[in-house]
Amino acid sequence: LLAGVASYSELSSGLMLEVSGLSILINYLSFAPNEYFDYEIDRENERKEIMGVIIQEKKLAKYSVFLIFGFAGISSFFLSETVRVAIWVIMAISILYSAPPFRFKGRAPLDGLCNIIGVFFIFATGVGIAGGNLSDVIPGAYWFSALIGFGAHGMLAVPDMETDKEDNLRTMPMIIGQKG
């Protein structure tokens, strides 16, 4: 978000406040569905246990998804068109990535593509906060999104390879291999 704002205008305290609020919202939009649909998988994943990010009650995850998506959907109508479109795309990508029957997180290369699109629209949200529109997104945002979408996401998914294999999820690191 911050990179998107900075690519279009100077940072001000008002913009920083908006970035902070929308960063929290987008973080929940991006991860809440995955927390719900991966509830059982995450309970078996040692890495999640070490990080202390396991949701203790599945109902809590379910209600969080409905609450945050409802809040984002309604509040988006009070934001600029660019931010509204970006939020709706982020919500759609989050569902496609995590929810059955789509579950793109287990269908490489769709897992990386979802991340590329998600990162791009997070960047676009920043441009929208600063007053720009989708045509104002700088060309570098496409490369930045690809780098994060395939590169960083792929590296972060490597520790989950064994758990993903047990749950029949065909992720990008499983196809490329750990050394790749």
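- Rounded to the nearest 0.5 Å, atoms CG (Leu1) and CZ (Phe123) are 10.0 Å apart.
- Evaluation of the side chain to side chain contact (heavy atoms under 4.5 Å, CB included) rule for Ile68 yields Leu25, Tyr28, Leu29, Ala32 as partners, not counting sequence neighbours.
- Grouping the Ile, Leu, Val, Met, Phe, Trp and Tyr side chains by contacts below 4.5 angstrom, directly or via other members, places Leu67 apart from Val65.
- For residues 63-81, the side-chain hydrogen bond (donor to acceptor under 3.5 Å, both in side chains) pairs, not counting sequence neighbours, are Ser76-Trp88.
- By the side chain to side chain contact (heavy atoms under 4.5 Å, CB included) test, Ala108 is found to be paired with Asp111, Met172, Ile175, residues two or more places apart in sequence or in another chain being considered.
- For the side-chain hydrogen bond (donor to acceptor under 3.5 Å, both in side chains) condition, no pair includes a residue of residues 119-131, sequence neighbours left out.
- Taking the side chain to side chain contact (heavy atoms under 4.5 Å, CB included) definition, one finds that Leu79 meets it with Leu22, Val83, Ile87, sequence neighbours left out.
- Between Tyr97 and Asn34 the shortest side-chain heavy-atom distance falls below 4.5 Å.
- Applying the side-chain hydrogen bond (donor to acceptor under 3.5 Å, both in side chains) rule to pairs touching residues 128-138 yields Asn133-Ser135, sequence neighbours excluded.
- Distance alone, capped at 3.5 Å, is enough to place a donor-acceptor pair between the Arg107 side chain and the Phe102 backbone.
- Each ring pair (Phe, Tyr, Trp, His ring centres under 6.0 Å) pair with one or both residues in residues 124-144, not counting sequence neighbours, appears once here: Phe120-Tyr142.
- Residues satisfying the side chain to side chain contact (heavy atoms under 4.5 Å, CB included) criterion with Ile95, sequence neighbours excluded, are Pro33, Phe69, Ala99.
- If you chain together hydrophobic residues whose side chains sit under 4.5 Å apart, Phe104 and Phe31 never meet in one group.
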Using atom types as modelled, flag every donor-acceptor pair under 3.5 Å from a side chain in residues 5-20 to any protein atom, sequence neighbours excluded.
| unit_1 | atom_1 | unit_2 | atom_2 | d |
| --- | --- | --- | --- | --- |
| Ser7 | OG | Gly4 | O | 2.8 |
| Ser12 | OG | Leu15 | N | 3.2 |
| Ser20 | OG | Met16 | O | 2.9 |

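- Taking hydrophobic clusters as Ile, Leu, Val, Met, Phe, Trp and Tyr residues chained together by side-chain heavy-atom distances below 4.5 Å, Ile74 does not share a cluster with Ile26.
- Listed by chain and number, the residues in a side chain to side chain donor-acceptor pair (under 3.5 Å) with Thr82 amount to none (sequence neighbours excluded).
- Looking at residues two or more places apart in sequence or on another chain, you find no ring-ring contact (aromatic ring centres under 6.0 Å, His included) involving Phe66.
- Summarising the geometry of Ser98 relative to Phe37, their closest heavy-atom pair is O-CB, 3.6 Å, with the distance given to 0.1 Å.
- When all heavy atoms of Ile116 and Ala146 are compared, the pair lying nearest together is CG1-CA, 3.8 Å.
- How far CD1 of Ile122 is from CD1 of Ile117: 12.0 Å, rounded to the nearest 0.5 Å.
- Note that CG of Leu96 and NZ of Lys105 are 14.0 Å apart. Values are rounded to the nearest 0.5 Å.
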